2 protein chains.
Amino acid sequence: MATLNRPGDGDGHLCGIDTAMEVIGGKWKVLILWALHEGPERRFGELRRMVPGITEKVLASHLREMEADGIVRRVSYDEVPPRVEYGLTKAGVRLNDALEPLAAWGREVQERRGPEGAP
Amino acid sequence: MATLNRPGDGDGHLCGIDTAMEVIGGKWKVLILWALHEGPERRFGELRRMVPGITEKVLASHLREMEADGIVRRVSYDEVPPRVEYGLTKAGVRLNDALEPLAAWGREVQERRGPEGAP
DNA sequence: CTGAATCCTTTACGATACTG
DNA sequence: CAGTATCGTAAAGGATTCAG
């Protein structure tokens, strides 16, 4: 992504938010993050059930990207039938914590426009 | 977006983060938000210069969506040549504040993988 | 069970030209 | 100056099938 030019900044100001947005930019990533949050290690099928609507392909590719970004740890046990468990790295936990104020903001606006949304 | 099913939640848990992600989901929205942050009201052309790379069409549509989401306030002065000024609403300011920890996280990982990125 | 492979659809975004 | 209108593209995601 690009950086921002603000009059005060002689050079491009590294706001950092763009980096974070790239990491959580996928359609389901924050949901996966949330699913992994403060829970035990989760298996693939478990995650698939926890994030209803996601397809296997997208779940798999998102998990791979998140692993590459260093926020998800993948542990594969050499068994049959195969067993793979996913968890958060330290960076993933910190990311999740950093997401909490944003979640609070979202809950706030949900309540504010809540009265209508419920038939 | 969907909500999350965690074993503990009997019903879909409203994590709120999905709501926030929809609001800031556009490719340039956080940058626009950042540009509007703690500054004076900004004019359209000013924003276009502050967010290099964005096209007029996308800037306009993003601004309209952000206004509809209640985070941006648009004031149009009936002059010629036309003058329009954009600023953040209270909700917009709170959203920006809620984004700060995420930005800090981004800066942190930038530094961590920083040493290589500089030729 | 955990995926990879393939094909298809959607849509957000980009480029350009034009207008009150 | 502050946009709108059109058109085109690329990338993300969805549906389905197959495999170790």
Side-chain angles (χ1 to χ4, degrees), chain A residues 1-4 7 18 20-36 39-69 72-87, chain B residues 1-4 7 17-18 20-33 35-36 39-69 72-87:
Chain A
M1 195 183 267
T3 47
L4 202 59
D18 46 358
M21 288 304 294
E22 281 172 8
V23 172
I24 61 173
K27 184 172 179 181
W28 308 89
K29 285 187 182 171
V30 292
L31 259 25
I32 297 173
L33 221 44
W34 210 262
L36 256 21
E41 310 268 295
R42 300 291 188 182
R43 303 186 56 169
F44 187 86
E46 208 170 353
L47 286 172
R48 193 181 36 187
R49 282 187 296 278
M50 291 173 76
V51 186
I54 197 171
T55 64
E56 297 176 348
K57 174 200 169 187
V58 173
L59 177 56
S61 72
H62 277 194
L63 283 171
R64 264 188 277 111
E65 289 173 12
M66 293 166 83
E67 191 190 1
D69 285 328
V72 160
R73 174 173 22 97
R74 189 191 114 115
V75 182
S76 173
Y77 299 89
D78 206 1
E79 306 173 354
V80 43
R83 179 164 63 102
V84 179
E85 292 186 347
Y86 293 92
Chain B
M1 196 182 265
T3 48
L4 202 58
I17 192 72
D18 47 357
M21 288 304 295
E22 281 172 8
V23 172
I24 61 174
K27 183 173 181 181
W28 307 90
K29 285 187 182 172
V30 293
L31 258 27
I32 297 172
L33 222 44
L36 256 21
E41 310 269 294
R42 300 291 188 183
R43 302 185 56 168
F44 187 86
E46 209 171 352
L47 287 172
R48 192 181 37 186
R49 282 188 296 276
M50 291 172 76
V51 187
I54 197 170
T55 63
E56 297 176 349
K57 174 198 166 184
V58 173
L59 177 56
S61 72
H62 276 196
L63 283 171
R64 264 188 276 111
E65 289 173 13
M66 294 166 83
E67 192 190 359
D69 284 329
V72 160
R73 175 173 19 98
R74 188 191 114 115
V75 182
S76 172
Y77 298 89
D78 204 2
E79 305 173 357
V80 43
R83 180 164 63 101
V84 178
E85 293 187 347
Y86 293 92

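In the text below, chain A, chain B and the rest are named by the order of the sequence lines, each starting its count at 1. All values derive from a computational prediction rather than experimental measurement.
- Contact check for A/V30 versus B/D18: no side-chain heavy atoms found under the 4.5 Å cut-off.
- Remark: of the listed residues B/R49, B/R43, B/R48, B/R42, B/R42 is the sole one forming a salt bridge (charged side-chain N to carboxylate O under 4.0 Å, His left out) with B/E46.
- Between A/H62 and D/dA12 there is no side-chain N or O to OP1 or OP2 distance below 4.0 Å.
- Closest to the A/F44 side chain, of the nucleotides C/dT2, D/dG13, C/dC1, is C/dT2.
- Put simply, CD on A/E85 and CG on A/L47 are 10.5 Å apart, with the number rounded to the nearest 0.5 Å.
- What separates CG of B/D78 from P of D/dC1 is a distance of 18 Å, to the nearest Å.
- Whole-Å rounding puts the A/K57 NZ to C/dC8 P distance at 13 Å.
- For the pair A/R49 and C/dC1, the criterion of a side-chain N or O lying under 4.0 Å from OP1 or OP2 is not met.
- Atom pair A/I54:CD1 and D/dA15:P shows a separation of 12 Å (rounding to whole Å applied).
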Candidate pair B/I32 and B/H62, rule side chain to side chain contact (heavy atoms under 4.5 Å, CB included), full reasoning: CA-CA 9 Å; B/I32 297 172; B/H62 276 196; 3.9 Å; yes
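- When rounded to the nearest whole Å, the span between CG of B/L59 and P of D/dG3 equals 8 Å.
- For B/A60, taking side-chain heavy atoms from C-beta onward, the closest of the listed nucleotides C/dG14, D/dG3, D/dG13 is D/dG3.
- B/Y86 has a side-chain polar atom (N or O) that falls below the 4.0 Å cut-off from OP1 or OP2 of D/dG3.
- Under 4.0 angstrom from either OP1 or OP2 of C/dT2 there lies at least one side-chain N or O belonging to A/R43.
- Summarising the geometry, the separation between CZ on B/R42 and C1' on D/dG3 is reported as 20 Å, rounded to the nearest angstrom.
- Following rounding to the nearest Å, A/E56 (CD) and D/dC18 (P) show an atom-to-atom distance of 14 Å.
- Going from atom CG of A/D69 over to atom CZ of A/R64 covers 12.5 Å, rounded to the nearest 0.5 Å.
- Within the nucleic acid shown, B/R48 has no heavy atom closer than 4.0 Å to any nucleic acid atom.
- Rounded to whole Å, atom P of C/dC1 lies 16 Å from atom CZ of A/R74.
- Phosphate contact (OP1/OP2 of D/dG3, side-chain N/O of B/R83, threshold under 4.0 Å): absent.
- Between B/E46 atom CD and D/dG3 atom C1' the separation is 16 Å, expressed in whole Å.
- Taking every side-chain heavy atom of B/K27 into account, C/dC13 is the closest of C/dC13, C/dA15, D/dG13.
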